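A quick note: this is a predicted structure, and the numbers were derived from the prediction, not measured. Each chain gets a letter, A, B and so on, in the order its sequence line appears, and its residues count up from 1.
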Amino acid sequence: MPELPEVETVCRGLEKALAGQKIAEVRLNRKGLRIPFPAGLKRLGGAKILSVGRRAKYILMPLDTGQTVILHLGMSGRMVITPEGAHYAPEKHDHMLLRMKNGTQVTFNDPRRFGLVDITPTNDVEKHRLFSHLGPEPLEKAFDADFLAEKLKGRKTDIKIAIMDQKIVVGVGNIYASEALFRAGIDPRRKAGALKRPEVEKLVAAIRAVLKAAIKAGGSSLRDYVQTDGELGYFQHRWAVYGKEGKPCKGCTCDAAKTGGIHRIVQGARATFFCPVKQK
DNA sequence: CTCCTGTCCTGCCGGC
DNA sequence: TGCCGGCAGGACAGGA
């Protein structure tokens, strides 16, 4: 499922394909995804896409009309580029087609339909209801130990739940939450407000490190961020703990035969993976 | 406020 | 083999 690094990689691919291009036509195959498609979507013909950027897990495409198109990939969303002259083979769950005047097509495919598309005035993007409450970007300066310590103060919720809270910090999904806590050596069941200052510092560094490494892996494993089939942004990861229940964890002194290796628990109806030896 | 649960949706997998 | 229940999960809405 796309988390921040995947969304970042998709953005870079879309930027290459779409920045500076004019939209010829927007084709919609249904009424909407998680929310209805905005009325203005089909009237974007002639608009020029200025750039493609990202805020949290949202893809932002500012246009020369003063509007910005907002895209979210949800759980199962994919973007597929069909270059000019290439044959477009329609697939099940192709919900939105962006056809450019230069012949390039971008297809938004999303089986589970947890994704969304919206349009908002570019000047007010941060005021949009989806953005107004969001915490800082994990890779920017505003997200530091002082900030996180302040946000965690007094919180009784589990630390894993807290770092997935978009009001605290954006972009950390279920996979990277487990990965970051493993790297920081912190038990995911610890109460957020009970973390000591050095642990908060380790956690900030770990969140940054796992996200950066994944972005790097995404960028380097794809040619121009586009796979040969045109799909953007998905790449092979090597998780340390995610999905590895019972397996020994890398770089840890635990004896998997004795400790059961990596444990799987459920927090907030989401799977969490951790090593009870390394993570305290 | 903070915390917790329900909701959306389809593909996939295990059990019978 | 086929059916079916259960699970997976981002993130909001709304209730306690």
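- Atom CZ of A:Arg112 is separated from atom C1' of C:dG6 by 13 Å (rounded to the nearest Å).
- Atom CD1 of A:Ile161 is separated from atom C1' of C:dC12 by 15 Å (rounded to the nearest Å).
- Aromatic rings from A:Tyr176 and A:Trp239 are positioned such that their centres are separated by under 6.0 Å.
- Residue A:Lys156 places no side-chain N or O under 4.0 Å from the OP1 or OP2 atom of B:dC3.
- Taking a pair to require two hydrogen-bonding distances under 3.5 Å in either a Watson-Crick or a G-U wobble arrangement, C:dT1 remains unpaired.
- Here B:dC3 presents its P atom at 10 Å from CG of A:Asp158, a figure rounded to the nearest Å.
- Distances from the side chain of A:Met75 to the nucleotides C:dC12, C:dG10, C:dA8 place C:dG10 closest.
- Counting any heavy atom pair closer than 4.0 Å across all strands shown, A:Phe131 reaches no nucleic acid atom.
- Contact check on A:Arg129 versus A:Asp118 returns no salt bridge, with no Lys/Arg side-chain nitrogen under 4.0 Å from an Asp/Glu carboxylate oxygen.
- Taking atom NZ on A:Lys167 and atom C1' on B:dT2, their separation rounds to 9 Å, with Å as the unit.
- Rounded to whole Å, the distance from CD1 on A:Ile35 to P on B:dC9 is 14 Å.
- Checking the phosphate oxygens (OP1, OP2) of C:dG10, no side-chain nitrogen or oxygen of A:Tyr176 falls inside 4.0 Å.
- A:Ala269 comes within 4.0 angstrom of nothing in the nucleic acid, heavy atoms only.
- For A:Thr157, counting side-chain heavy atoms from C-beta on, the closest listed nucleotide (B:dG11, B:dC4, C:dG10) is B:dC4.
- At whole-Å resolution of the value, CG in A:Leu71 and C1' in C:dA11 are 17 Å apart.
- Side-chain N/O atoms of A:His72 include none lying less than 4.0 angstrom from OP1 or OP2 on C:dC12.
- Side-chain nitrogen and oxygen atoms of A:His93 include at least one within less than 4.0 Å of the OP1 or OP2 phosphate oxygen of B:dG11.
- Tested against A:Asp187, the residues A:Arg190, A:Arg189, A:Lys191 include a single salt bridge (charged side-chain N to carboxylate O under 4.0 Å, His left out) partner, A:Arg189.
- Atom-to-atom, NZ of A:Lys191 to P of B:dT2 comes out at 16 Å; the value is rounded to the nearest Å.
- At a cut-off of 3.5 angstrom, counting only N and O atoms as typed in the model, there is a donor on one side and an acceptor on the other between the side-chain of A:Arg270 and the base of C:dG10.
- B:dC3 atom P lies 16 Å from atom NE2 of A:His133, rounded to whole Å.
- With hydrophobic clusters built from ILVMFWY side chains whose heavy atoms lie under 4.5 angstrom apart, A:Leu181 does not share a cluster with A:Val170.
- Side-chain nitrogen and oxygen atoms of A:Arg155 include at least one within less than 4.0 Å of the OP1 or OP2 phosphate oxygen of B:dC3.
- Both A:Gly268 and A:Lys153 lie close to DNA chain B; mapped to their nearest nucleotides by heavy-atom distance, the more 5′-ward contact belongs to A:Lys153.
- At B:dT10, one or more side-chain N or O atoms of A:Arg113 fall inside 4.0 Å of OP1 or OP2 (strictly under the cut-off).
- Looking at A:Leu116 and A:Leu71, their side chains never come closer than 4.5 Å, going by heavy atoms from C-beta outward.
- Looking at heavy atoms from C-beta onward, A:Gln166 lies out of side-chain contact with A:Val172 at the 4.5 angstrom threshold.
- Listed nucleotides: B:dC4, C:dC12, C:dG10. Nearest to the side chain of A:Glu3: C:dG10.
- Both thresholds, 5.5 Å between centres and 30° between ring planes, are not jointly met by A:Phe114 relative to the base of C:dA11, so the two rings are not stacked.
- Considering only side-chain N and O atoms, A:Tyr242 lies nowhere under 4.0 angstrom from the phosphate OP1 or OP2 of C:dA8.
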